[in-house]
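Hydrogens, waters and symmetry mates play no part in the numbers below; they use all other heavy atoms, side chains included. A quick note: this is a predicted structure, and the numbers were derived from the prediction, not measured. Order of listing sets the numbers, starting from 1, for every ligand and every atom in it.
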Amino acid sequence: MKFALTAATVVAAFISGAVAQTAGQWGQCGGNGYTGPTQCPSGWVCTPVSPPWYYQCLQGTSTTSSSSRSSSSSSRSSSSSSSSSRSTSSSSSTRSTSTSSSSTRSTSTSTATTSGSTVIPTATGNPFSGKTVWLSTYYAAEVDSAADQVSDATLKAKILKVKEIPTFTWLDTIAKVATLDDYLPAASGKIFQLVVYDLPNRDCHANASNGELFFDQGGAAKYQGYIDGIAAAVKRNPSTTVIAVIEPDSLANLVTNLSDPRCSAAADGYKSSTTYALKTLAAAGVYMYMDAGHAGWLGWPANISPAADLFVTMWTNGGKSPFIRGLATNVANYNALTAASPDPATQGNANYDETHYINALAPMLRTKGWNAQFIVDQGRSGVQNIRSAWGNWCNIKGAGFGLRPTTNTGNQYIDAIVWIKPGGESDGTSNTSATRYDTMCGGPDAKIPAPEAGQWFQAYFVDLVNNANPAF
Ligand code: BGC
């Protein structure tokens with residue numbers, strides 16, 4: 001909701017700016033497809049943050065007009081396609097990862113607004129250690145509005161507790177990059193958790209989260225602009241530790257779904273665009289965990305070894321930066337960190353939960369030279385044995401909020417348990433006539449009626465609260 005509010009605010013600013021011919025402080029002032037004001041207020045400079053797509057008024061030393069920033073058409077359109085993805089999970093040894101004071105990008109000057117020197121960021125161990133995670137104001141607004149719709153005082157009180165639990169901010173469109181100028185300063189001194197999620201031909205083996213960019217419509221260059229915009233915002237806010245999950249489902253699809261022509265067509269582009277993201281964001285000091293599917297996807301014997309190969313290849317292509325910290329598993333999925341017993345839907349897979357999967361994958365990566373660490377999404381994993389098939393992933397009925405985020409993971413490979421999917425946001429619409437309708441979202445395990453992916457799903461959220469384990 002806050003994204004919607006923010007976008008509306010930005011649009012409103014542009015409209016009013018069009019009258020005044022001056023964009024606001026931090027406002028957009030140019031870029032392909034942009035038609036708003038191109039002047040910046042006195043003392044602010046229209047700066048190419050991710051040219052040619054995004055120019056922004058940043059604090060500077062002179063008043064400026066922004067002359068030639070272009071305005072051509074934007075590219076958003078979504079296409080459709082079909083099927084599973086974040087479908088279907090760890091035990092542990094112990095090693096408390098470095099309890100270092102994880103200061104990271106020390107103080108540096110803003111690269112976009114001054115010509116001062118840039119401090120090369122240095123990675124320091126587990127980025128979650130010793131730091132507080134910023135609570136998303138966007139998610140808090142969603143939860144507040146959910147609480148407003150509930151009259152039962154007990155339930156309302158439980159709902160409001162959800163606001164105290166950090167979730168990730170998904171940048172699923174280029175337009176949302178501008179929100180970082182609100183969020184990153186607000187998260188100063190803390191961790192800001194981000195999902196990078198705008199690859200061209202996104203969600204190649206499913207429909208529900210098809211995105212705005214396409215390789216055959218200049219998507220690779222636009223994606224670079226999107227990544228550049230994120231990197232520039234991070235550099236402007238060196239006191240905020242930024243931790244990012246890189247592109248849910250994309251590499252996993254390249255392991256198992258290349259028989260789908262939509263994925264094979266996207267494969268080279270996925271790899272080169274992801275490499276660009278890894279290199280650019282590492283240079284900005286962003287700690288990254290590439291998405292690694294989950295136990296029921298890449299944890300199968302036939303998949304885990306090729307998956308390890310691909311992840312190590314991507315780490316290598318990305319320059320082996322220590323900021324490419326590792327892998328994120330179970331993103332937006334429902335698997336247990338440690339299942340009391342195998343869910344019948346796991347059908348004999350030895351890696352039947354995230355601990356088993358991670359404990360199997362991590363040594364493979366180490367053998368190939370990468371000491372990757374993991375984060376695990378447990379946001380919706382509170383209830384187990386609720387799926388008729390492990391591959392079902394859309395708005396699974398009966399799910400509950402799960403283990404709370406912590407660095408006390410009891411597993412040497414796991415940096416943190418986190419909530420990556422903001423619980424209450426839909427996985428996909430159940431409207432069969434929608435362009436992005438995916439049969440998974442109308443399947444036997446899916447709660448319906450469900451709104452579009454990312455939109456608030458109040459009935460689902462209430463279930464997550466009521467079924468939470470640990471309980472609220
Ligand atoms: C959707 C995104 C959304 C994210 C978090 C994804 O499935 O495609 O639009 O931001 O979930 O809710």
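- Atom numbering of ligand 1 starts at 1 in the shown order; those under 4.0 Å from a heavy atom of Ser209 are 1 (C), 6 (C), 7 (O), 8 (O).
- Ligand-side atoms of ligand 1 in range of Ala453: 1 (C), 8 (O), 9 (O), range being under 4.0 angstrom from any heavy atom.
- Looking at Arg202 next to ligand 1, no N or O pair under 3.5 Å apart turns up.
- When each atom of ligand 1 is checked for a heavy atom of Gly454 under 4.0 Å away, the hits are 3 (C), 12 (O).
- Relative ring orientation between Tyr460 and Phe457 is described as parallel, the plane-to-plane angle staying below 30° on a 0-90° scale split at 30° and 60°.
- Residue Asp427 has no N or O atom closer than 3.5 Å to an N or O atom of ligand 1.
- Ion pairing between a basic and an acidic side chain is recognised when a charged N comes within 4.0 Å of a carboxylate O; Asp427 and Lys421 show such pairing.
- Considering both main-chain and side-chain atoms, Lys421 comes within under 3.5 Å of ligand 1 through a nitrogen or oxygen pair.
- When each of Ile227, Val195, Thr179 is checked for a side chain to side chain contact (heavy atoms under 4.5 Å, CB included) with Leu171, only Thr179 meets the rule.
- By the 3.5 Å distance cut-off applied to N or O atoms, Glu425 is counted among the residues near ligand 1.
- A donor-acceptor contact shorter than 3.5 Å is absent between the side chain of Arg325 and the backbone of Asp415.
- Sequence neighbours left out, the pairs with a member in residues 250-284 that pass disulfide bond (SG atoms under 2.5 Å apart) are Cys204-Cys263.
- Residue-level proximity to ligand 1 for Pro422 is carried by the side chain, the only part with a heavy atom below 4.0 angstrom.
- In this pair, Phe472 and Phe401 present their aromatic rings perpendicular. The plane angle is above 60°, beyond the 30 to 60° band.
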